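Reading through the structure tokens given below for one structure.
Atoms considered below: every heavy atom in the structure, side chains included; atoms not considered: hydrogens, waters and symmetry mates. Everything numeric here is computed off the predicted structure, so don't read it as measured data.
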Amino acid sequence: MTKEQFAQALAEQGISLTARQKEQFDQFFHLLVEWNEKMNLTGITEEDQVYIKHFYDSITPAFYFPFDKVQTVVDIGGGAGFPSIPLKICFPHLKMTIIDSLNKRMNFLTHVADELGLENVRPVHGRAEDRGQESAYREGFDLVVARAVARLNLLTEFCLPFARVGGHFVALKGAEITPELNEAKKAIKTLGGKTRKVETFQLLEDAGERNIVIIEKVEATPKGYPRKAGVPAKKPLI
């Protein structure tokens with residue numbers, strides 16, 4: 001996927017990039033490759049692959065969810081800035097918090113935000129289980145996003161506590177989502193969520209099947225969740 005094809009594919013979905021936004025994506029690509037030489041950010045470094053498998057893939061939730069109607073977003077396990085940075089470039093009004101357990105990645109994202117001139121980007125070092133119990137973050141966001149971090153039942157415990165009641169959690173998942181959805185039913189209900197929509201589609205250029213899971217936060221998350229760091233992974237809600 002060339003830069004021109006990337007911009008055209010987004011335009012076909014109603015997202016028109018300005019010259020400045022195209023420049024920001026180009027800057028982000030070069031920073032990703034440059035920093036990847038000194039820390040492990042991604043195994044994908046070819047420009048056409050980054051544009052489709054990282055940039056375009058990160059923006060696909062906006063094809064199914066109205067990002068123009070939310071203000072505060074948190075990306076859990078945001079790592080190298082996916083999906084947070086591509087979404088922030090496309091929707092500059094977003095107040096974007098990115099939480100990840102590796103501090104080196106947060107240094108990278110701080111540098112990216114500075115270099116790209118992105119305002120209201122807040123990289124936060126920490127584990128989701130810990131931050132999700134802190135009043136500064138708990139139930140404080142219109143939208144929570146996460147991309148390929150863990151299975152959905154585990155991911156729900158990491159993410160749903162951050163969404164305000166009436167807010168949403170959008171998970172970017174790969175193929176074969178049905179077993180994960182069935183496995184996650186208890187976790188979603190226990191943590192105050194309700195699955196509203198699942199969108200299945202093929203990523204362009206035969207890059208594989210993707211699923212977008214949209215969960216609404218209908219009730220407050222019980223105080224005991226998320227459980228202490230490490231516990232959800234050892235004893236997932238099933």
- Message: Is the distance between the ring centroids of F201 and F63 under 6.0 Å?
- Response: no
- Give a yes or no on whether the ring-centroid distance for F25 and Y56 is below 6.0 angstrom. no
- Least distance between heavy atoms, L17 atom then K22 atom: O-CE, 3.8 Å
- Query: Within the side chain of R196, is there an N or O that forms a donor-acceptor pair under 3.5 Å with the backbone of H168?
  - Reply: no
- Message: I'd like to know if the side chain of N103 and the backbone of H125 have a donor-acceptor N/O pair within less than 3.5 Å.
- Response: no
- Task: Give a yes or no on whether the backbone of L191 and the side-chain of T221 come within a donor-acceptor separation of less than 3.5 Å.
- Result: yes
- Message: Would the distance check show the side chain of K217 and the main-chain N or O of F169 forming a donor-acceptor pair, the cut-off being under 3.5 Å?
- Response: no
- Item | Backbone of D48 reached by a side-chain donor or acceptor of K53 within 3.5 Å | no
- Flag, side chain of E183 to backbone of L152, donor-acceptor distance under 3.5 Å: no
- Do the two ring centres, one from F82 and one from F28, sit under 6.0 Å apart? yes
- Message: Between K173 and E180 (side chain of the first, backbone of the second, donor and acceptor by atom type, cut-off under 3.5 Å), is there such a pair?
- Response: no
- In terms of ring plane angle, is the pair F141 and Y137 parallel, tilted or perpendicular, where the classes change at 30° and 60°? parallel
- Item | Closest non-hydrogen atom pair, G79 against M106 | O-CE, 4.3 Å
- Task: Please confirm whether the backbone N or O of L116 pairs with a side-chain atom of Q24, one donor and one acceptor, at under 3.5 Å?
- Result: yes
- Any donor-acceptor N/O pair, H93 side chain to V70 backbone, under 3.5 Å: yes
- Measure from the side-chain N and O atoms of D75 to the backbone N and O of S84, and report whether any donor-acceptor pair falls under 3.5 Å. yes
- Among K95, K69, R164, salt bridge (charged side-chain N to carboxylate O under 4.0 Å, His left out) partner for D142: R164
- To the nearest 0.5 Å, tell me how far R138 CZ sits from Q133 CD. 4.5 Å
- Query: So, do R227 and L237 sit near enough that their side-chain heavy atoms are less than 4.5 Å apart?
  - Reply: yes
